[in-house]
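Each chain gets a letter, A, B and so on, in the order the sequences are listed, and its residues count up from 1.
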Amino acid sequence: MLRLAQALDAHLRAAMERAFPEAAAEASAAGRALDPQLAPASKPEFGDFQANGALPLAKPLGQPPRAIATAIVEQLAADPAFAELCEPPQIAGPGFINLTLRPERLAAEVQARLGDPRLGVPSVAVEAAAPSGAAGAALAPVIVDFSSPNIAKEMHVGHLRSTIIGDSLARLLEFRGHPVLRLNHVGDWGTQFGMLITHLKQVAPEALTTADAVDLGDLVAFYRQAKARFDEDEVFQVTSREEVVKLQGGDPVSRKAWQLLCDQSRREFQKIYDWLDIRLNERGESFYNPYLEGVVTDLDTSGLLVTDDGARCVFLEGVSGKDGKPLPVIVQKSDGGFNYATTDLAAIRYRFGAAPEGDGARRVIYVTDAGQANHFAGVFQVARRAGWIPEGGRLEHVPFGLVQGEDGKKLKTRAGDTVRLRDLLDEAVERAEADLRRRLAEEERSEDEAFIQHVATTVGLAAVKYADLSQNRITNYQFSFDRMLALQGNTAPYLLYAVVRIAGIARKGGDLGAEASGAGPEGLHFTEPQEWTLVRELLKLDAVIAEVEEELLPNRLCTYLFELSQVFNRFYDQVPVLKAEQSARSSRLALCRLTADTLRLGLGLLGIPTLERM
RNA sequence: GGGGCUGUAGCUCAGCCGGAUAGAGCGACGGUUUCCUAAACCGUAGGUCGUGGGUUCGAGUCCCGCCAGCCCCGCCA
């Protein structure tokens, strides 16, 4: 319905200009235009849209707002193009103009979507290729940096949100037609590696020369030991740092060991990604190693670099520490080594940089926890001051809160360990399976094992993903299997069930193909309020996607899909489809089909596949 | 000490660019099944939007102060 909203907005602006030419001239002289403040209606009884623009004009015009609204409405009434779109506007309350679209326009919108695989959502790729645009201008890529586990560690709950949210944002941007680079910035470099290799050399040297000599679980244990030694033992610290320098310098023995560790971890990560159906290009911290030096010299030539206490750093503007002195971003440690800030800066420079030594991106999105907000703010500032972000380039940190247990504290196992992602996913699927089996028994249904496994896996993983995505990501997230797997409420099973209901209609003889195309001689024809409510809900999809693309908040899409499911369930409950008379039946089937398509598309953008039966 | 985020119903959370009487879900209570999967639907109860000021036609939303919780703060990522 975005197109209709834009048309309405134009009509309203024109009407305001005709109604108040002096004020309009004055406004445009000041470099702005009279704003009708068009917004979706806050309640269904107000129609489809409301224009609030009359209220703020009351004071400058010295007229009561309702009189202003009346003048605007009179101009609208004189506009035949507007009258084709909209019913006569209503003035309500202190001076709101309520707008209701003509039913035939709504039906026409539905009709258009029935034949459109994109369901009315425009693609920027198509727009860019349009004759009006630069001919064949290749779109600059959007980079989504997400997941980013550490080599030699297992993925744990901490990676859950980044992985799920990042994947969803990437899917949505891809659907909008952007070339998307999904980058897995794995932790495969740095001090931690020095620690691990140093420790392994002493306690399990075979792990550094032979593939899979120790399994990942052991590696994690070794890592913990190494970390403990690093924190206590100064000699070990020094050796570790030397080891990092060797590795970063390309020492063949260190490189070989490093390669083995990375390969092993990579295979473990891939199992999880395959399970969750997440596609990701690994480009770890090590990738930027050749560019670290350049970062420092670049900062030096632009005069940002200061040597302080032996470390080379850039002092931040507007951020001061304990003593009121500006806080530094350290790019080269006093021992000559580089750290994560250097790597992050190199990554920014590379990502915005032109090919072949860069990605040529125009938007770079980091999906990491909110605890890194300060770090990114600092690094972004340095990148900006160094001039690495091109005109119009967007650099965005997409922060998210912690995953907490139901006690409100950090999620842990009973033993107090961090929860492994694979265990968590396993448990979700197991619980979904138990629920399913219980229900099958209660209903005396019998299904084969393949069905049960498929449904349980789909529902279990969908529940985990949806629970995370449906929450505003900025706040901490309370993880609860019981809540996410609940069969009612704003949960994955509820949404999946709506799709299943429609699939059921198709199975029971509803032709969702030809019969629901709305191409019949009588076209689409709606009579019941539940039908109109569903029509209006269906038409919101494009606006919701545009909003998520801008705000990077997948929960807005979840809210929409949940509300669509609710509206559909009401329709399904109160309006017969298959048993309807022929005149109503094909239009209702069309609504069913478009609802299913919309839910499948929307859930698909969340990384959630749907089911035919459950 | 400095900075960031959060504070909305018993619980978990929405709330778009400041707009009309602050919304869901769960839980509680009550109802609906000759009919497309009741994993559903309908209804009732439940609010000092942490708090005190300010801005304005209008503030949960913007600004300032305060309180509480979480997170970050020089060579880990």
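- The distance from atom CZ of A:Phe315 to atom P of B:rC73 is 17 Å, rounded to the nearest whole Å.
- Of the candidate nucleotides B:rC41, B:rA14, B:rA38, B:rA14 has the atom lying nearest to any side-chain atom of A:Thr475.
- When distances are taken from the side chain of A:Gln478 to each of B:rA14, B:rU12, B:rG19, the shortest belongs to B:rU12.
- Remark: A:Gln566 is in phosphate contact with B:rG25, judged by side-chain N or O atoms under 4.0 Å from OP1 or OP2.
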Contact list (N/O, under 3.5 angstrom) for nucleotides 30-35 of chain B vs protein:
unit_1 : atom_1 : unit_2   : atom_2 : d
B:rC35 : O2'    : A:Lys579 : NZ     : 3.0

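- Between A:Gly187 and A:Ile97, the one whose closest nucleotide on RNA chain B sits nearer the 5' end is A:Ile97.
- When the nucleotides B:rC57, B:rC42, B:rA20 are ranked by their closest atom to the side chain of A:Arg570, B:rC42 comes out on top.
- RNA chain B is contacted by both A:Ser565 and A:Ala41; A:Ala41 maps to the nucleotide lying nearer its 5′ end (nearest heavy atom per residue).
- Note on A:Gln471: a side-chain N or O is less than 4.0 Å away from OP1 or OP2 of B:rC13.
- As rounded to whole Å, 16 Å separates atom P of B:rC17 from atom CZ of A:Phe49.
- Spacing between atom CZ of A:Phe338 and atom P of B:rA77 amounts to 13 Å, rounded to whole angstrom units.
- To the nearest whole angstrom, the two P atoms, one in B:rC63 and one in B:rC70, are 25 Å apart.
- Spacing between B:rU44 and B:rC35 at atom C1', rounded to whole Å, works out to 28 Å.
- Checking the phosphate oxygens (OP1, OP2) of B:rC13, no side-chain nitrogen or oxygen of A:Asn476 falls inside 4.0 Å.
- If you check distances only, the side chain of A:Asn374 does reach the base of B:rC72 with a donor-acceptor pair under 3.5 Å.
- With P as the reference atom, B:rC13 and B:rG50 are 15 Å apart, rounded to whole Å.
- Atom P of nucleotide B:rU6 and atom NZ of A:Lys409 are separated by 24 Å, given to the nearest angstrom.
- Relative orientation of the A:Phe236 and A:His199 rings is perpendicular, given thresholds of 30° and 60° on the angle between their planes.
- Side-chain atoms of A:Arg241 lie closest to B:rC76 of the nucleotides B:rC36, B:rG15, B:rC76.
- For B:rA20, the base is stacked against the aromatic ring of A:Phe46, per a cut-off of 5.5 Å between centres and 30° between planes.
- For B:rU34, there is no paired base (Watson-Crick or G-U wobble, both distances below 3.5 Å).
- As a whole-Å value, the separation of A:Leu38 CG from B:rG19 P is 14 Å.
- Taking the P atom of each, B:rC41 and B:rA24 are spaced 13 Å apart, rounded to whole Å.
- For A:Arg483 and B:rC11, the shortest distance from a side-chain N or O to OP1 or OP2 is not below 4.0 Å.
- Remark: the separation of the C1' atoms in B:rA9 and B:rC29 is 16 Å, to the nearest Å.
- For the pair A:Glu442 CD and B:rA38 C1', the computed distance is 12 Å after rounding to whole Å.
- Comparing B:rG18 with B:rG60, their C1' atoms sit 11 Å apart, to the nearest whole Å.
- A salt bridge links A:Asp435 with A:Arg438: at least one charged nitrogen is closer than 4.0 Å to a carboxylate oxygen.
- Inter-residue side-chain proximity for A:Leu606 and A:Leu561 is flagged as met; some heavy-atom pair is nearer than 4.5 Å.
- The side chain of A:Glu285 lies closest to B:rA77 when the candidates are B:rA77, B:rG19, B:rU6.
- Contact between the side-chain N/O atoms of A:Thr559 and the OP1/OP2 oxygens of B:rG25 is not found at any separation under 4.0 Å.
- Closest to the side chain of A:Asn555, out of B:rG15, B:rG4, B:rU6, is B:rG15.
- Side-chain proximity of A:Gln37 to B:rA40, B:rG19, B:rC16: nearest is B:rG19.
- Distance CZ/A:Phe562 to CG/A:Leu599: 12.0 Å, rounded to 0.5 Å.
- Between A:Tyr340 atom OH and B:rC73 atom P there is a gap of 7 Å when expressed in whole angstrom units.
- The side chain of A:Asn472 contributes an N or O atom lying less than 4.0 Å from OP1 or OP2 of B:rG15.
- When ring centroids are compared, A:Tyr466 and A:Tyr494 stay outside the 6.0 Å threshold.
- When the C1' atom is used for both B:rA14 and B:rC26, the distance is 14 Å, rounded to whole Å.
- Computed from coordinates, the A:Phe562 CZ to B:rC26 P distance equals 7 Å when rounded to whole Å.
- Put simply, A:Tyr494 has a side-chain N or O that comes within less than 4.0 Å of OP1 or OP2 on B:rC41.
- For residues 495-506 of chain A, no residue pair satisfies the salt bridge (charged side-chain N to carboxylate O under 4.0 Å, His left out) rule, not counting sequence neighbours.
- The closest donor-acceptor contact from the side chain of A:Asn476 to the backbone of A:Leu402 lies under 3.5 Å.
- The side chain of A:Gln488 has B:rC26 as its nearest neighbour among B:rC16, B:rC26, B:rA38.
- A salt bridge is defined here as a Lys NZ or Arg NE, NH1 or NH2 lying under 4.0 Å from an Asp or Glu carboxylate O, and A:Glu531 with A:Arg588 meets this definition.
- Nearest nucleotide to the side chain of A:Lys43, out of B:rG23, B:rG19, B:rC26: B:rG23.
- When distances run from any side-chain atom of A:Leu402 to the nucleotides B:rC70, B:rC76, B:rG74, the shortest one goes to B:rC70.
- Note that CZ of A:Phe400 and OG1 of A:Thr475 are 12.0 Å apart. Values are rounded to the nearest 0.5 Å.
- Note on A:Arg283 versus A:Asp145: no salt bridge recorded, every NZ/NE/NH1/NH2 to OD/OE distance being 4.0 Å or above.
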